Amino acid sequence: DVKVTQSSRYLVKRTGEKVFLECVQDMDHENMFWYRQDPGLGLRLIYFSYDVKMKEKGDIPEGYSVSREKKERFSLILESASTNQTSMYLCASSPEPPGWETQYFGPGTRLLVL
Amino acid sequence: GQSLEQPSEVTAVEGAIVQINCTYQTSGFYGLSWYQQHDGGAPTFLSYNGLDGLEETGRFSSFLSRSDSYGYLLLQELQMKDSASYFCAVRDWDDKIIFGKGTRLHILP
């Protein structure tokens with residue numbers, strides 16, 4: 001069965017801390033994505049990667065960076081957490097076309113920055 | 001800019017049919033996808049339209065008309081478990097995935 005896991009379901013951090021969110025998929029998918037989800041705003045793409053060591057900016061990359069050293073793992077890094085980064089973070093993966101449009105999501109990490 | 005518009009909420013009765021619309025403004029895209037998300041859960045893929053027309057998967061159908069910049073998700077024989085949020089999404093020519101803000105479906109018994 002397809003599986004995407006995220007390192008934490010809930011996380012509380014303080015302003016200025018460096019935060020690592022990890023995502024692992026076991027489907028050998030080439031493509032991985034990080035989104036944040038906020039009420040009334042839907043899902044917004046932060047970064048995505050279509051290969052190891054490759055990354056592309058999404059719509060809201062400011063304040064974030066990513067790392068993809070292995071195919072199965074895609075990490076989101078908040079260099080210096082701020083309160084406006086309090087959100088639900090969702091990781092997803094998808095195969096190469098023709099399956100690109102089918103994204104498989106992890107359970108999400110709800111991050112609270114104090 | 002690129003955007004997808006959906007109604008924020010829709011209410012329907014158990015056993016009935018409901019249609020959730022998605023209109024979009026994008027410079028170009030590969031196809032339209034639909035996702036379902038229950039409260040506290042992750043989005044799950046429902047359907048994809050790469051070509052114009054209707055795609056059917058059990059009780060759910062999805063439609064795309066590129067000439068009208070419009071698509072919809074049709075849910076038939078509504079069940080209480082269909083109460084959820086539904087998102088349309090496109091992949092644009094830059095390979096970015098753009099989601100609509102979601103439609104909250106309320107089902108009345």
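Note that this is a predicted model, so its numbers are computed, not measured. Only this structure's heavy atoms are used, side chains among them; waters, hydrogens and symmetry mates stay out. Naming convention: chains lettered A, B, ... in sequence-line order (proteins, then strands); numbering from 1 in each chain.
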Indicate whether the side chain of [X] and that of [Y] have a donor and an acceptor atom separated by less than 3.5 Å.
{"X": "T11(B)", "Y": "H106(B)", "result": "no"}
{"X": "Q36(B)", "Y": "S85(B)", "result": "no"}
{"X": "N49(B)", "Y": "S62(B)", "result": "yes"}
{"X": "Q25(B)", "Y": "E5(B)", "result": "no"}
{"X": "Q6(B)", "Y": "T103(B)", "result": "yes"}

Next item on the list: With a 4.5 angstrom heavy-atom cut-off, could you sort out which part of L90(A) is near chain B: side chain, backbone, both or neither?
Entry: side chain
Note to self: Only heavy atoms, only distances under 4.5 angstrom. Which residues in residues 50-62 of chain A are near chain B?
What the structure shows: K57(A), G58(A), D59(A)
Notebook entry, point to check: Which residues, numbered in order, of residues 105-114 of chain A come under 4.5 angstrom of chain B by heavy-atom distance?
Noted result: F105(A), G106(A), P107(A)
Checklist line | Aromatic ring proximity, centroids under 6.0 angstrom, Y72(B) and F63(B) | finding: yes
Item checked: F74(A) ring center near Y47(A) ring center (under 6.0 Å) -> no
Note to self: Looking at Q79(B), I'd like to know if its CD atom is crowded, meaning that more than 12 non-hydrogen atoms belonging to other residues, nucleotides or ligands lie closer than 6.0 Å.
What the structure shows: yes
Checklist line | With D28(A) via salt bridge (charged side-chain N to carboxylate O under 4.0 Å, His left out) - residues at least two apart | finding: K71(A)
Check: When clusters are formed from ILVMFWY side-chain contacts under 4.5 Å, directly or step by step, what else is grouped with L41(A)?
Finding: none
Next item on the list: Determine the option with the most heavy-atom pairs under 4.5 angstrom with chain A, choosing from S47(B), G102(B), S33(B).
Entry: S33(B)
